[in-house]
Amino acid sequence: MELKSRHLLGLENISPSNIKMFLDTAFSFKKVLQRPIPKVPTLRGKTVVNLFFEPSTRTRFSFELAEKRLSADTINFSTASSSVLKGETLKDTIRNIESMKIDLVVIRHSSPGAALFLTQCVDASVINAGDGTHEHPTQALLDMMTIQERLGKIKGLNVVIVGDIKHSRVCRSNIFGLQAMGAQVGICGPGPLLPRDIEKLGVTVYPSIEEAIAEADVLNILRIQLERQKGGLFPSLREYRNVYGITKERVDQAKKKLLIMHPGPMNRGVEIDSEIADGEHSVILNQVTNGVAVRMAVLYLLSGKNSSKIIKEST
Ligand code: CP
């Protein structure tokens, strides 16, 4: 089986078979990561550049670690230490870096479409590590991997995404990916944080968090983007917690054993209470662990490797 694209820009319109290929490959790499020496020579000789124009902890570290585990050579770029501060454009930045011969580019940028733009400037394969409010495909893949691992399936589950739906690239990628894999997707959040016409994406809109919790198998809780609160999108953080916060009292009302997810970074005591974030239902740190395996799979497959060779090459 082949990937339809040599880039990973998003999960919109991706085929279920391509998602399955990424997930199956990630599960194989997870076994590699559990070995005493969690490293394979698979991408030896390949060069990956990590272009992070926006802050990141989880995504940046897990891409860097994935690249090291695959034995790739890496270059790390961050705005604060680059000539972008002297006014160099994104196009000139990447064309200069590409002149040094690179194979793959990982980009995080605040502008939706920045990853797509890069594909028009370079020959290397481009991986979107989050572009503005557009998509964050590797986050959705690691979320799906975690659901598959914990619940044994994705198809038929009801996954409810809670919070700032409107500004969330994680939400968009999850909606596209989960629906492709046969899950039902629900959303729940304050009206000003829901995109207009969201129903057109085929999601169920839950009017209250209590109704969402009553029907969900999985809750994926989004970060309240505090920087957007300046715009007065909801009355106060206390009000948000009172109406939408994932508290023990609310989770205890669930009829099923809920899986609690959060892409991070969390605002404890706002969208999620510490008792839940650190509690028995939470798989938040498992998501982070799976992020390394997913990013290894994405790097490996986009570099033109065949998934059936992983275990053989790595032994
Ligand atoms: N989930 C996520 O993208 O986290 P970072 O912003 O820390 O990379």
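Numbers for residues simply follow the sequence, beginning at 1. In listed order, ligands and their atoms are each counted from 1.
With rounding to the nearest 0.5 Å, the separation of CG in L116 from CD1 in I107 is 11.0 Å.
A cation-pi arrangement is absent between R108 and F52 under the rule of less than 6.0 angstrom and at most 45 degrees off the ring axis.
By the 4.5 Å heavy-atom criterion applied to side chains, P263 and R223 are not counted as neighbours.
With 3.5 Å as the limit, one finds a donor-acceptor pair spanning the side chains of E211 and S208. Side-chain contact annotation: N290 with E149, donor-acceptor N/O pair under 3.5 Å present.
The aromatic rings of F77 and F53 sit tilted, their planes meeting at an angle between 30° and 60°.
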Distances for all N or O pairs of ligand 1 and the protein under 3.5 Å?
from, atom 1, to, atom 2, distance (Å)
ligand 1, 1 (N), Q139, OE1, 3.0
ligand 1, 1 (N), P263, O, 2.8
ligand 1, 1 (N), G264, O, 3.4
ligand 1, 3 (O), T59, OG1, 3.0
ligand 1, 3 (O), R108, NH2, 2.9
ligand 1, 3 (O), H136, NE2, 2.9
ligand 1, 4 (O), R58, NE, 3.1
ligand 1, 6 (O), R108, NH1, 2.8
ligand 1, 7 (O), T57, N, 2.8
ligand 1, 7 (O), R58, N, 3.0
ligand 1, 7 (O), R58, NE, 3.1
ligand 1, 7 (O), R58, NH2, 3.0
ligand 1, 8 (O), S56, OG, 2.6
ligand 1, 8 (O), T59, N, 3.0
ligand 1, 8 (O), T59, OG1, 2.6
ligand 1, 8 (O), R108, NH1, 3.4
ligand 1, 8 (O), R108, NH2, 3.3

